[in-house]
2 protein chains.
Amino acid sequence: MKSMKISEAVVRRLPIYLRFLNELNRMNVTTVSSQDLGSKLDLNPAQIRKDLAYFGEFGKKGIGYDVKYLIEKIRQILKLDQRIQVALVGAGNLGRALCNYNAYLQDNMKIVAVFDAEKSKIGQNMNNLTVLPMSELTDTIRELQIRIGIITVPASEAQNVADRFVEAGIEAILNFAPVIIKVPPHIRVHHADFTTDLQSLAYYLNKEEEA
Amino acid sequence: MKSMKISEAVVRRLPIYLRFLNELNRMNVTTVSSQDLGSKLDLNPAQIRKDLAYFGEFGKKGIGYDVKYLIEKIRQILKLDQRIQVALVGAGNLGRALCNYNAYLQDNMKIVAVFDAEKSKIGQNMNNLTVLPMSELTDTIRELQIRIGIITVPASEAQNVADRFVEAGIEAILNFAPVIIKVPPHIRVHHADFTTDLQSLAYYLNKEEEA
DNA sequence: TAGATTGTTAATCGATTAACAATC
DNA sequence: TAGATTGTTAATCGATTAACAATC
């Protein structure tokens with residue numbers, strides 16, 4: 001059923017499927033079973049079949065999934081078959097690192113504009129992009145039809161940047177700042193905070209290693 | 001009950017509580033209710049109370065939680081009251097960015113060694129650390145009692161690095177490379193892959209913005 | 001045909017939320 | 001005491017997994 005609402009967990013797995021399918025495709029593998037996918041990605045095969053079945057009948061009983069066809073379908077589902085322009089605010093080390101990942105992103109998705117509030121950063125070159133002042137944010141986002149915003153500024157500035165993004169009409173935000181940002185309900189926010197990741201890892205360490 | 005197993009979702013929320021509690025503490029707020037926490041962090045108050053109750057009775061009925069006391073308790077739970085040394089492999093832009101986050105990490109947790117396979121990177125300075133060759137990885141991890149490893153190398157190298165970490169006795173890994181890595185069951189791995197984050201965000205964009 | 005694997009239903013498992021007695 | 005808020009149980013909601021008929 002096209003119109004039932006899909007859980008976030010399912011959506012988060014789709015890019016992982018896609019990445020491995022692309023790898024298989026590069027290796028000229030033409031067909032893959034949910035079994036194969038599951039063992040490679042550490043997921044239950046039934047879960048993979050169910051995830052995909054939310055969107056259509058992509059497989060063939062007794063055979064599995066056609067790699068190229070499934071890639072095409074997942075790209076459509078994730079809207080990666082459209083051009084998706086991304087803006088980044090915060091031209092520090094992290095921002096620079098992410099800009100360099102442009103190559104890793106799916107062809108149509110690209111960081112196309114970088115902004116910073118600090119005078120010293122403006123005009124700098126970052127992976128072929130020139131760092132722009134915040135005053136140009138709104139116009140640039142509208143002109144380039146930028147739909148996703150990335151925040152890599154310090155925590156104290158993150159909410160301000162989010163507000164600017166929302167005002168400029170961005171539809172989704174990926175926030176790397178270590179703070180929860182508030183946005184209107186129609187805007188999607190993902191938090192990608194490496195400090196909380198690392199701190200939760202500590203929980204799983206063994207008791208006290210050191211004396 | 002101390003010995004019941006705690007769900008991953010709970011553990012992932014603890015650092016978020018901790019971060020906000022630290023902020024309250026800096027602002028000299030001494031007491032906080034699950035209500036307050038919930039509205040600030042966009043979480044259900046009942047969930048917060050339940051999360052905390054897994055570990056003990058930290059609150060006072062009719063009053064709420066003592067900020068300083070709760071900070072202390074969560075730090076204990078997450079083992080952030082111990083010194084936790086972290087190693088990072090991959091001295092590229094992302095690695096450099098993460099090293100600079102050292103200040104953001106909870107006092108006792110620190111990146112204390114950086115490695116890279118490329119000759120040109122070795123000897124470089126990264127936030128007061130000298131980039132070391134891979135040949136020194138095992139010895140350094142043992143000598144400095146490093147317990148967590150961060151992977152910021154290209155996808156093709158990530159599994160190799162993970163294997164080296166495991167062999168050297170690391171207990172947990174935070175992997176930034178866009179690939180699923182395999183480790184023995186006693187090693188904890190978190191994946192912090194920004195490309196899949198961004199791709200799943202695309203799903204939530206509105207239909208077709210452009211013509 | 002025999003073997004393999006999907007799509008899907010039913011069963012299980014787990015996580016979130018509501019409700020409220022206990023009590024500060 | 002009256003009001004507030006916890007800790008916890010029960011109810012709800014949602015996600016994962018098992019099982020299997022359909023079928024390539």
Side-chain angles (χ1 to χ4, degrees), chain A residues 1-17 20-21 24 29-74 77 180 200 203, chain B residues 1-17 20-21 24 29-74 77 180 200 203:
Chain A
M1 304 297 104
K2 287 279 171 178
S3 60
M4 94 186 295
K5 63 183 172 329
I6 305 296
S7 93
E8 185 167 344
V10 173
V11 175
R12 286 194 165 276
R13 283 191 291 269
L14 294 177
I16 296 172
Y17 302 157
F20 180 51
L21 289 165
L24 289 175
V29 176
T30 59
T31 296
V32 69
S33 69
S34 58
Q35 195 61 246
D36 299 338
L37 282 164
S39 71
K40 177 68 180 186
L41 304 175
D42 286 334
L43 295 170
N44 183 302
Q47 181 171 66
I48 293 174
R49 293 200 299 279
K50 200 161 201 287
D51 284 354
L52 297 173
Y54 283 118
F55 303 98
E57 303 197 1
F58 301 147
K60 285 212 197 344
K61 293 187 171 76
I63 308 289
Y65 299 90
D66 181 87
V67 171
K68 280 200 158 88
Y69 180 70
L70 192 51
I71 287 174
E72 190 189 320
K73 284 300 173 187
I74 294 181
I77 295 162
I180 305 292
S200 67
Y203 176 82
Chain B
M1 306 297 103
K2 288 280 172 179
S3 60
M4 93 185 296
K5 64 183 169 330
I6 304 297
S7 93
E8 185 166 344
V10 173
V11 174
R12 286 193 164 278
R13 283 190 292 268
L14 294 178
I16 296 172
Y17 302 157
F20 181 51
L21 289 165
L24 289 175
V29 176
T30 58
T31 296
V32 69
S33 68
S34 60
Q35 195 61 247
D36 299 338
L37 281 164
S39 71
K40 176 69 179 184
L41 303 175
D42 285 334
L43 294 170
N44 183 301
Q47 180 171 65
I48 293 174
R49 292 200 299 279
K50 200 161 200 286
D51 283 356
L52 297 173
Y54 284 119
F55 303 99
E57 303 196 3
F58 301 146
K60 285 211 198 346
K61 292 187 173 73
I63 308 290
Y65 299 90
D66 181 88
V67 171
K68 279 199 158 88
Y69 181 69
L70 191 52
I71 287 174
E72 190 189 318
K73 284 301 172 186
I74 295 180
I77 294 163
I180 304 292
S200 69
Y203 175 82

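Residue numbers begin at 1 in each chain, while the letters A, B, ... track the order of the sequences. Treat the numbers as computed from the prediction; the structure is a model and nothing was measured. Computed from heavy atoms alone, side chains included, the values below leave out hydrogens, waters and symmetry copies.
Mapping A:Glu8 and B:Gly64 onto DNA chain D via the closest heavy atom, the residue that lands nearer the 5' end is B:Gly64. Both A:Ala46 and A:Lys60 lie near DNA chain D, and the one whose nearest nucleotide falls closer to the 5' end is A:Ala46.
Side-chain proximity of B:Ser7 to D:dA15, D:dG7, C:dA15: nearest is C:dA15. Set against D:dT8, D:dC24, C:dT8, the side chain of A:Lys50 has C:dT8 as its closest nucleotide.
Considering all non-hydrogen atoms of both residues, A:Leu41 and A:Tyr17 come closest at CD1-CD2, 3.7 Å. Of all heavy-atom pairs spanning B:Leu52 and B:Phe58, the tightest one is O-CE1, 3.7 Å. Nearest heavy atom pair, residue A:Ile74 against residue A:Leu14, reads CG2-O, 3.9 Å. Residues A:Ile63 and A:Thr31 approach most closely at O-CG2, 3.7 Å, considering heavy atoms. For the residue pair B:Leu43 and B:Arg13, the shortest heavy atom distance occurs at CD1-CD, 3.8 Å.
Put simply, OH on B:Tyr54 is 9 Å from C1' on C:dG14, counting in whole angstrom units. A straight line from NZ of A:Lys61 to P of D:dT23 spans 6 Å, rounded to a whole angstrom. Spacing between atom CG of B:Leu14 and atom P of C:dA15 amounts to 14 Å, rounded to whole angstrom units. Computed from coordinates, the B:Gln47 CD to C:dA19 P distance equals 17 Å when rounded to whole Å. Taking atom CG on A:Asn44 and atom C1' on C:dA11, their separation rounds to 14 Å, with Å as the unit. Here C:dA18 presents its P atom at 11 Å from CD of B:Gln35, a figure rounded to the nearest Å. Rounded to an integer number of Å, the gap from A:Glu57 CD to C:dT5 C1' is 13 Å. If you measure from atom CZ of A:Arg49 to atom P of D:dT23, you get 16 Å, rounded to the nearest angstrom.
For the OP1/OP2 pair of C:dG7 and a distance below 4.0 Å, the side-chain nitrogens and oxygens of A:Tyr65 include at least one atom meeting the criterion. The side chain of B:Ser34 contributes no N or O atom lying less than 4.0 Å from OP1 or OP2 of D:dT5. For B:Arg13 and C:dT16, the shortest distance from a side-chain N or O to OP1 or OP2 is below 4.0 Å.
Bending across the helix from C:dG3-D:dC24 to C:dC24-D:dG3, expressed as the angle between its end axes from five pairs apiece, amounts to 20° (10° rounding).
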